[in-house]
Amino acid sequence: MDVARNFIISLQDYVNEACEGKPSWEIVLRTAIVTLLFVWSKNFLMKDESMIERAKKTVFRFARKLPMVQTKIAKEIEKVSVSMNDTMNKSIDYSSYITKLPETGWKIDKILEEAMKYSKYGHYKWETGCASGTVYNGDTILRDLTTEVYGIAAWANPLHADVFPGVRKMEAEVVRMTCSIFHGDSKSCGCVTSGGTESIILACKAYREFAREVKGIKNPELLVPITAHAAFDKAAQLLGIRIKRVPVNPVTMKVDVSAMKKMITSKTCMLAGSAPQFPHGVIDPIEEIGALGVQYNIPVHIDACLGGFLIAFMDKAGYPLAPFDFRVKGVTSISADTHKYGYAPKGTSILMYREDRFRHLQFFVTPDWPGGIYATATIAGSRSGGIIASCWAALVYHGLEGYVKHTKSIIETTRKIYHECSKIPGIFVYGEPEVSVVALGSNNFNIYTLGDAMTKRGWNLNALQFPSSVHIATTVLHTQPGVADRFISDVREIAEDMLKNPPKDAGASAAMYGMAASVPDRSVVCEMAWVYLDAVYSTDGGKTKSSDNQKREE
Ligand SMILES: *Cc1c(COP(=O)(O)O)cnc(C)c1O
Ligand SMILES: *[C@@H]1O[C@H](CO)[C@@H](O)[C@H](O)[C@H]1NC(C)=O
Ligand SMILES: *[C@@H]1O[C@H](CO)[C@@H](O)[C@H](O)[C@H]1NC(C)=O
């Protein structure tokens, strides 16, 4: 005690002496600066990126504060904003927006007529298979069926299992059927979420809780491949935990498991692998990741959101794969999207666990709320029973036979695209795509320019970065006669042309990704993305017309 007091007193003396005669503002300022410098240098030294990268970013960040630079950036962003808003405007034929509730309700005929008009905007004909991914099965019988079943349960709310026992039964059955597909035993369990993103967030939440409550880790960290879905970053941000990205082998694009092993620390709360990953359609070495999980006693999540409902049937379709599901020791959870290759309408994904102790940690329970003891399995409170029912309908409509049949033709089509595109001079395929995605790159020209040329021919492909690439995710729509052949011959023609006449002007996406890749301060890129998201909610279009509309309504 005394020692401590003496120490404090002498420290006080020292500080008083040091500050003698100095104005108090200076003392405050000095303290603030020293503290800031300390915190900043600590943060600076503790981060993982290379020093040079960070120095570059820091310089850029300071440069951004200069008025001249600020004006220039603001101008650029304004330009992007104008063009994005115009794109939105154009895509709805410059029609006016409804910005106020109509004074009196519309007649049913008018609502249906207008809704039909809205649904016809846009020039992409996704039914013909021009879009990568997006709609995974356009079968009209399936569309009518799921819509009808949606209607049957549209007003049910699974939050009230007592009022809607039928929807509860459907949801339980959807989870059980999916667990069996992925070789879960009777202890396996899961839940239906609103999509792949929610499944991933919830798995990360369960493992954060497991780390904190069971293992006593204060600051848990996620360890995921750089190619794993952005939903893991979203999860880390929402859950307030750190995410570390593991590099991949630049040739196979599979996660480097020995690098993953080296990055494991006492804080690691989860390892992840993708089956397959979104960018290049490559399956990470799941057995090796599972083995790491067993060795270090860390839970392992397999993100099979994209291709889960393909890989589960590939064996039966004649394309066997290395084990990726609960047969692999160490795999503790799997996410698989019914709203992708499960061919259900958007709004469902299945998150599965090997054991219910993890699921318990995912649940949300608050025992003391005046509104009652409140407990929900997922992020949502109230949900639509319709979306559960139509997911259930999609599963039982296809059955094992239906899924195997579609899987067979999708894999056949993808392998054809893969093999034919590999032969085209000027372009190459990333890794060895095993499932439904083929990612193209080029050493001879800007691959985004090929993407833009494909857009001109009616295709809608995905642009990827680091490394630059465009990809196609094949769906049932691409298995229609002639679609894959048209894709291959379009790529071949464009590549030939680009080799002969290297493009001088970059197209739209080429320009954007080129610009984005060259900016060291990613916050500028973030601002550009905000502009896009703002434009999505823009209702400023056709102001004059909208006042006409208002008059008409009144
Ligand atoms: C689509 C996808 C997700 C997330 O899916 P959403 O349903 O869009 O939220 C996660 N992982 C992979 C690999 C995906 O392709
Ligand atoms: C684009 O639209 C958004 C949303 O309405 C708006 O905030 C923004 O100012 C618009 N940009 C331009 C350049 O008009
Ligand atoms: C959309 O187009 C209209 C012209 O039809 C224009 O008045 C309006 O400013 C545009 N809106 C945006 C957000 O660009």
Side-chain angles (χ1 to χ4, degrees), residues 74-92 96-97 99 131-136 192-204 222 224-235 238 248 253-255 272-284 286 301-311 324 333-351 378-380 387 391 433-437 439 462 464 471-475 527-543 546:
K75 257 195 203 141
E76 286 304 313
I77 289 180
E78 169 82 12
K79 256 195 244 163
V80 176
S81 178
V82 169
S83 104
M84 279 193 187
N85 284 356
D86 190 58
T87 306
M88 299 289 169
N89 251 354
K90 196 171 152 198
S91 68
I92 52 162
S96 59
Y97 289 93
T99 54
S132 166
T134 317
V135 179
Y136 289 74
V192 179
T193 71
S194 61
T197 301
E198 188 182 350
S199 290
I200 288 170
I201 293 170
L202 287 174
C204 295
L222 305 169
V224 310
I226 50 171
T227 47
H229 199 269
F232 286 100
D233 295 290
K234 200 184 246 184
L238 290 171
V248 298
M253 305 316 277
K254 292 174 192 246
V255 70
S274 313
Q277 36 97 313
F278 172 81
H280 320 101
V282 160
I283 301 179
D284 287 321
I286 305 302
H301 179 75
I302 300 307
D303 176 17
C305 281
L306 176 62
F309 280 82
L310 290 174
I311 56 174
F324 49 79
S333 57
I334 302 172
S335 50
D337 288 359
T338 31
H339 72 192
K340 285 185 177 159
Y341 293 98
Y343 315 125
K346 290 288 182 259
T348 56
S349 162
I350 317 302
L351 172 57
T378 60
I379 293 178
I387 201 66
C391 172
E434 283 182 287
V435 195
S436 62
V437 172
N462 294 85
L464 320 161
H471 89 194
I472 180 165
T474 18
T475 67
E527 270 180 62
M528 298 279 176
W530 291 346
V531 164
Y532 164 76
L533 294 173
D534 283 337
V536 167
Y537 285 96
S538 147
T539 52
D540 311 337
K543 275 194 184 99
S546 120

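Both counts, for ligands and for their atoms, begin at 1 and track the order of listing.
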Among all protein non-hydrogen atoms, which one is nearest to [atom], and what is the separation to 0.1 Å?
{"atom": "atom 13 (C) of ligand 1", "result": "Asp303 OD2, 3.4 Å"}
{"atom": "atom 9 (O) of ligand 1", "result": "Thr197 OG1, 2.5 Å"}
{"atom": "atom 7 (O) of ligand 1", "result": "His339 NE2, 2.7 Å"}

| message | I need the atoms of ligand 1 closer than 4.0 Å to a non-hydrogen atom of Ile200, numbered in the order shown. | response |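 The list of qualifying atoms is 10 (C).
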| request: Output the list of atoms in ligand 1 that are nearer than 4.0 Å to some heavy atom of Asp337, sorted by atom number. | output: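 Taking each heavy atom of Asp337 in turn, ligand 1 has 5 (O), 7 (O) under 4.0 Å.
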| message | With respect to Tyr537, determine whether any N or O atom, backbone or side chain, lies less than 3.5 Å from an N or O atom of ligand 2. | response |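 In fact, backbone or side chain, Tyr537 has no N or O that close.
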List every atom of ligand 2 that sits less than 4.0 Å from any heavy atom of [X], numbering the atoms from 1 in the order shown and giving each element.
{"X": "Asn85", "value": "1 (C), 2 (O), 3 (C), 8 (C), 10 (C), 11 (N), 12 (C), 14 (O)"}
{"X": "Val82", "value": "13 (C)"}
{"X": "Ser538", "value": "2 (O), 4 (C), 5 (O)"}

| Has ligand 1 got any nitrogen or oxygen that is less than 3.5 angstrom from a nitrogen or oxygen of Gly196? |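 Right, the criterion is met.
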| query | Looking only at non-hydrogen atoms, which of Lys234, Lys340, Gln277, Glu198 approaches atom 14 (C) of ligand 1 most closely? | reply |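 Minimum heavy-atom distance to atom 14 (C) of ligand 1 goes to Lys340.
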| field | Heavy-atom nearest option to atom 4 (C) of ligand 2, drawn from Leu533, Thr539, Asp534 | value |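 Among Leu533, Thr539, Asp534, the closest heavy atom to atom 4 (C) of ligand 2 belongs to Asp534.
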| query | Say you draw a straight line from CG of Leu202 to CD1 of Ile379; how long is it, rounded to the nearest 0.5 Å? | reply |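 The distance works out to 4.5 Å.
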| said: Could you tell me if Ser349 and Ser199 have a donor-acceptor pair between their side chains, going purely by distance under 3.5 Å? | reply: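 Yes - a donor-acceptor pair under 3.5 Å links their side chains.
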| Ser335 and His301 side chains, donor-acceptor separation under 3.5 Å |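 Yes, a side-chain donor-acceptor pair sits under 3.5 Å.
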| field | Ala231 contact mode with ligand 1 (heavy-atom cut-off under 4.0 Å) | value |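 Near ligand 1, Ala231 shows nothing, with every heavy atom at 4.0 Å or more.
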| message | With a 3.5 Å distance limit and no angle check, can you tell me whether Thr338 reaches the backbone of Thr348 through a side-chain donor-acceptor pair? | response |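 Side chain of Thr338 to backbone of Thr348: a pair is present.
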| Is it true that a side-chain atom of His339 and a backbone atom of Pro345 form a donor plus acceptor pair closer than 3.5 Å? |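 Pair absent, no side-chain N/O of His339 close to backbone of Pro345.
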| request: For residues Tyr343 and Tyr136, establish whether the separation of their ring centroids is below 6.0 Å. | output: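 No, the ring of Tyr343 stays outside the 6.0 Å limit from the ring of Tyr136, centre to centre.
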| query | Given Gln277, which of Ile283, Thr227, Asp303 fulfils the side chain to side chain contact (heavy atoms under 4.5 Å, CB included) condition? | reply |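 So, applying the side chain to side chain contact (heavy atoms under 4.5 Å, CB included) to Gln277 and each of Ile283, Thr227, Asp303, only Thr227 qualifies.
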| field | Non-neighbouring partners of Leu238 that pass side chain to side chain contact (heavy atoms under 4.5 Å, CB included), sequence neighbours left out | value |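 With neighbours one apart ignored, the set is Ile201, Lys234.
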| Where Ala535 and Asn85 come nearest, the two heavy atoms and their spacing |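 Closest approach of Ala535 to Asn85, heavy atoms only: CB-OD1, 3.0 Å.
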